Amino acid sequence: MICKKCGCDTLIKNDDWYTCAKCGAVIFDTQVSVGSIDSPTKQVESIENNAQLKVEQRQNNKDNKNNKEKSKLHEAIEFCTPIVVALVIAIILKTLVFANAIVPTGSMLNTIQEKDRIIASRLAYIKNKPERYDIIIFKFPDDKKQLFVKRIIGLPGETVEIVEGKVYVTQTDGNTIELEDDFVTNCKPTGDYGPFEVPEGCYFMMGDNRNSSWDSRFWTNKFVDEKDIIGKVKFRYFPNISKIE
């Protein structure tokens with residue numbers, strides 16, 4: 001027992017009373033009852049103890065509630081984190097690494113089928129220049145909101161001419177070559193077009209389905225600027241997975 005007045009723990013007992021050795025306060029022995037009624041000091045002590053108990057219970061209830069809320073928040077974070085990470089990775093890959101497109105027409109038959117879904121690498125031309133016969137996704141020169149898929153035929157500084165369906169290219173060294181056509185559709189290409197002089201930094205494009213392709217031969221702006229090339233087509237992922245060359 002300690003003195004309620006000064007906090008001194010040295011009390012002198014005298015029958016049913018204690019006298020504080022420090023301040024002289026007189027305290028009734030809380031263990032003594034008068035009949036069925038507790039002493040005032042004991043009643044006060046009981047009230048203080050009950051009050052303290054209630055405070056502790058409230059704090060415990062509050063802590064339990066906070067713990068439950070934290071647990072639910074933790075579970076929500078654990079559930080959402082992999083989804084958010086996957087979305088961020090997908091956005092980064094789509095924006096910086098890969099480009100995908102659905103080919104709406106048969107202009108690239110038989111290499112690419114109508115409705116094929118394809119993937120192109122945005123990193124293909126970071127260090128290297130586009131090459132002849134590469135299949136690329138690019139912004140359509142007459143409407144750059146649209147994306148087209150065609151094959152590179154003419155390089156910067158070259159002259160392209162189509163005679164009876166055959167494609168001839170005069171290279172920058174003055175040498176004229178007939179281009180390969182083993183990737184062209186089975187139907188025999190027809191028509192005479194050109195000559196087309198390809199500006200520096202630009203490319204002349206044609207579809208593999210030569211008789212049914214809206215390409216550089218017919219565009220108002222006939223050449224694709226290198227800065228409008230999105231990426232080099234690598235493979236299709238629907239309706240089946242296969243490499244595209």
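Predicted model, so just to flag it, every value in this text is computed and none were measured.
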Side chains of Phe235 and Ser242: does their closest heavy-atom pair fall under 4.5 Å?
-> no

Might you point out which heavy atoms bring Ser121 and Ala124 nearest each other, and give the distance in Å?
-> OG-N, 3.3 Å

Do you reckon Ile112 sits in the same ILVMFWY cluster as Leu109, going by side-chain contacts under 4.5 Å, direct or chained?
-> no

List the atom of Pro156, the atom of Gly201, and the distance in Å for their closest heavy-atom pair.
-> CB-N, 3.6 Å

For side chain to side chain contact (heavy atoms under 4.5 Å, CB included), just list the numbers for Phe223 and Tyr203, CA-CA rounded to whole Å, side-chain angles, deciding distance to a tenth of an Å, and then say yes or no.
-> CA-CA 5 Å; Phe223 309 103; Tyr203 298 86; over 6 Å; no

Decide whether Val169 and Tyr193 are clustered together by the hydrophobic rule: side chain heavy atoms of Ile, Leu, Val, Met, Phe, Trp, Tyr closer than 4.5 Å, transitively.
-> yes

Going only through I, L, V, M, F, W and Y residues with side-chain contacts under 4.5 Å, is there a path from Phe204 to Ile177?
-> yes

Would the number of heavy atoms belonging to other residues, nucleotides or ligands and lying under 6.0 Å from CG of Asn186 be above 12?
-> no

Under 3.5 Å donor-acceptor, Asp134 side chain and Ile136 backbone | no

Pair listing, salt bridge (Lys or Arg N to Asp or Glu O under 4.0 Å) test, anchored in residues 233-245, at least two apart = Asp116-Arg236, Lys243-Glu245

With sequence neighbours left out, write down each residue that passes salt bridge (Lys or Arg N to Asp or Glu O under 4.0 Å) with Arg132, or none if nothing qualifies.
-> Glu158

Does Lys115 use its side chain to pair, donor to acceptor, with the backbone of Val103 at less than 3.5 Å?
-> no

State the CG-CZ distance between Asn100 and Arg117, to the nearest 0.5 angstrom.
-> 8.5 Å

May I have all residue pairs that pass salt bridge (Lys or Arg N to Asp or Glu O under 4.0 Å) and include part of residues 183-211, sequence neighbours excluded?
-> Arg151-Asp208

Sequence neighbours left out, what pairs pass ring pair (Phe, Tyr, Trp, His ring centres under 6.0 Å) with at least one residue falling in residues 102-129?
-> none

Heavy-atom closest pair (Phe218 atom, Trp214 atom, distance to 0.1 Å) is CB-CZ3, 3.4 Å

Using distance only, find each side-chain donor-acceptor pair of residues 137-148 under 3.5 Å and give its atom names and separation, not counting sequence neighbours.
residue, atom, partner, partner atom, Å
Asp142, OD1, Asn221, N, 2.8
Asp142, OD1, Asn221, ND2, 2.9
Asp142, OD2, Thr220, N, 2.9
Asp143, OD1, Lys145, N, 3.3
Asp143, OD2, Gln146, NE2, 3.0
Lys144, NZ, Asp228, OD2, 2.8

Qualifying residues under side chain to side chain donor-acceptor pair (under 3.5 Å), relative to Thr105, sequence neighbours excluded = Ser107

Which residue pairs pass the ring pair (Phe, Tyr, Trp, His ring centres under 6.0 Å) test with at least one member in residues 166-191, sequence neighbours excluded?
-> Tyr133-Phe183

Sequence neighbours left out, what pairs pass ring pair (Phe, Tyr, Trp, His ring centres under 6.0 Å) with at least one residue falling in residues 101-124?
-> none

Consider only side-chain heavy atoms of I, L, V, M, F, W and Y, link residues closer than 4.5 Å, and tell whether Ile229 and Val198 are in one cluster.
-> yes

Sequence-distant partners of Thr176, side chain to side chain donor-acceptor pair (under 3.5 Å), two or more places apart | Thr170

Can you name the salt bridge (Lys or Arg N to Asp or Glu O under 4.0 Å) partners of Lys129, sequence neighbours left out?
-> Glu226

Are side-chain heavy atoms of Ile135 and Ile118 found at a separation under 4.5 Å?
-> no

Heavy atoms only: give me the nearest Leu155-Pro130 pair and the separation to one decimal.
-> CD2-O, 4.1 Å

Partner set under salt bridge (Lys or Arg N to Asp or Glu O under 4.0 Å) for Glu161, not counting sequence neighbours = none

If you measure from OG on Ser213 to CE on Met206, what distance do you get to the nearest 0.5 Å?
-> 7.0 Å

Side chain to side chain contact (heavy atoms under 4.5 Å, CB included), paired with Pro189, selected from Asn211, Asn209, Asp181 | Asn211

Check for a donor-acceptor pair, side chain of Thr185 on one end and backbone N or O of Asn110 on the other, with a separation under 3.5 Å.
-> no

Say whether, by atom type as modelled, one donor and one acceptor occur between the side chain of Lys222 and the main chain of Trp219 under 3.5 angstrom.
-> yes

Reported CE-to-CD distance for the pair Met108 and Glu114, which is rounded to 0.5 angstrom = 13.5 Å

Across all chains, not counting sequence neighbours, the salt bridge (Lys or Arg N to Asp or Glu O under 4.0 Å) partners of Asp225 are none

With Ile162, which of Val167, Leu179, Thr190 fulfils side chain to side chain contact (heavy atoms under 4.5 Å, CB included)?
-> Val167

